[in-house]
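What follows is one structure encoded as structure tokens, with my remarks underneath.
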Amino acid sequence: MALHHLLYRCPRCGADPMQGERDRAVCPTCGRTFVRVREGRRIRILDAAGKVENALVQTLVGDIERLGGSLTTARQEDGRVEYSARVAVRRSLSEDPVEHEGRLLGYIERLGEPEQGTLTITEDALRFQPDVGDAAAWALMDLGAVQTSSAALQISPLRAPVVEFRFLGDSPFRWEDLLRTLLTEAYRREGRGEIIEFQPRIVAA
């Protein structure tokens with residue numbers, strides 16, 4: 001995952017979003033530069049005055065959470081949550097078996113062609129408006145699992161095939177955090193307990 005997607009907001013001043021590419025992220029507000037150090041999970045931070053600091057990745061991610069995480073930008077002035085990003089959506093066409101020497105190892109999703117549009121998340125749903133065609137929506141309480149990769153987010157609706165969202169300029173890590181946070185809040189509102197895992201299926205206790 002590109003560093004500016006992992007550090008989608010500045011862990012020091014809270015500005016959102018960050019800029020950068022690959023192993024380098026830059027805060028356009030405070031001017032700090034964050035560089036991934038290959039020897040271990042460490043980040044080198046250079047401030048505008050030339051001071052150098054080193055921090056663990058998990059420490060900086062924790063700092064982002066303490067600054068409000070993904071909800072700060074998504075929260076509207078009236079308290080509602082609404083956030084959008086450009087995506088390419090692919091839907092599962094089938095689950096193809098994976099075999100080795102006659103043994104079934106599992107199944108792999110075969111995804112259809114990508115469809116570009118805008119994905120919006122609110123307190124209770126994900127909505128996709130394609131550039132051409134009809135919109136689609138998935139209620140958060142109807143999701144069976146959530147998982148992410150370095151560039152994409154996948155949801156498993158309870159009564160529909162797997163859907164993959166590949167973000168065209170936004171952070172999949174931000175979206176994973178936002179979706180998990182809003183799912184947790186939705187389960188609490190509905191009295192369905194605390195979510196203890198999101199994959200391979202959502203489980204609450």
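Numbering of residues begins at 1 and proceeds along the displayed sequence. This one's a predicted model, so the numbers in the text were calculated from it and none came from an experiment.
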Counting C-beta onward and ignoring hydrogens, is there a side-chain heavy-atom pair between Val35 and Leu3 closer than 4.5 Å?
no
Evaluate whether atom CG of Asp131 has more than 12 neighbouring non-hydrogen atoms of other residues, nucleotides or ligands under 6.0 angstrom away.
yes
Given side chains that start at C-beta, do those of Pro161 and Arg91 come closer than 4.5 Å, heavy atoms only?
no
Looking at Glu194 and Arg188, does any basic side-chain N land under 4.0 Å from a carboxylate oxygen?
yes
Is Val81 reachable from Phe128 through a run of hydrophobic residues whose side-chain heavy atoms are each under 4.5 Å from the next?
yes
Is it possible for you to say whether Leu178 and Leu7 belong to one hydrophobic cluster, with membership spreading through side-chain heavy-atom contacts below 4.5 Å?
no
Is the shortest side-chain heavy-atom distance between Arg192 and Tyr187 below 4.5 Å?
yes
When clusters are formed by joining ILVMFWY residues with side-chain heavy atoms under 4.5 Å apart, either directly or through shared neighbours, do Phe34 and Leu46 land in the same one?
no
Indicate, with yes or no, if Ile121 and Ile202 share a hydrophobic cluster defined by side-chain heavy-atom contacts under 4.5 Å among Ile, Leu, Val, Met, Phe, Trp and Tyr.
yes
Criterion salt bridge (Lys or Arg N to Asp or Glu O under 4.0 Å) on Arg12 and Glu53, from CA distance to verdict:
CA-CA 12 Å; Arg12 292 294 177 261; Glu53 174 190 359; 2.7 Å; yes
Measuring from Ser171:OG to Met1:CE, what's the distance to the nearest 0.5 Å?
5.5 Å
Centroid separation Trp175 to Phe167 less than 6.0 Å:
yes
Take a 6.0 Å sphere around CZ of Arg75 and say whether it holds more than 12 heavy atoms from other residues, nucleotides or ligands.
yes
Donor-acceptor pair, Arg9 side chain versus Gly69 backbone, under 3.5 Å?
yes
Hey, is Asp16 close enough to Arg174 for a salt bridge, meaning N to O under 4.0 Å?
yes
Option from Leu140, Ile195, Leu71 for which side-chain contact (heavy atoms from CB on, under 4.5 Å) with Glu185 holds
Leu71
Where do Leu67 and Thr72 land on the side chain to side chain contact (heavy atoms under 4.5 Å, CB included) test, with the steps shown first?
CA-CA 8 Å; Leu67 288 167; Thr72 300; over 6 Å; no
Hey, are Asp63 and Arg66 close enough for a salt bridge, meaning a charged N less than 4.0 Å from a carboxylate O?
yes
Would Asp23 and Arg44 pass as an ion pair if we require N to O under 4.0 Å?
no
So, Arg86 and Asp170, do they make that salt bridge, N to O below 4.0 Å?
no
Side chains of Leu126 and Thr120: does their closest heavy-atom pair fall under 4.5 Å?
no
Could you check whether any side-chain heavy atom of Arg159 comes within less than 4.5 Å of a side-chain heavy atom of Asp142, counting everything from C-beta outward?
yes
If you draw a 6.0 Å radius around CD in Gln76, do more than 12 non-hydrogen atoms from other residues or ligands fall strictly inside?
yes
Could you walk me through whether Arg80 and Glu123 pass salt bridge (Lys or Arg N to Asp or Glu O under 4.0 Å), step by step?
CA-CA 8 Å; Arg80 294 179 304 108; Glu123 290 97 334; over 6 Å; no
Is it the case that one hydrophobic cluster holds both Val61 and Val26, taking links as side-chain heavy atoms less than 4.5 Å apart, direct or via other members?
no
Check Arg127 with Glu82, please: is the shortest side-chain N to carboxylate O separation under 4.0 Å?
no
Do Glu65 and Asp177 come within less than 4.5 Å of each other through their side chains, counting heavy atoms only?
yes
Is there a donor-acceptor contact under 3.5 Å from the side chain of Tyr8 to the main chain of Ser70?
yes
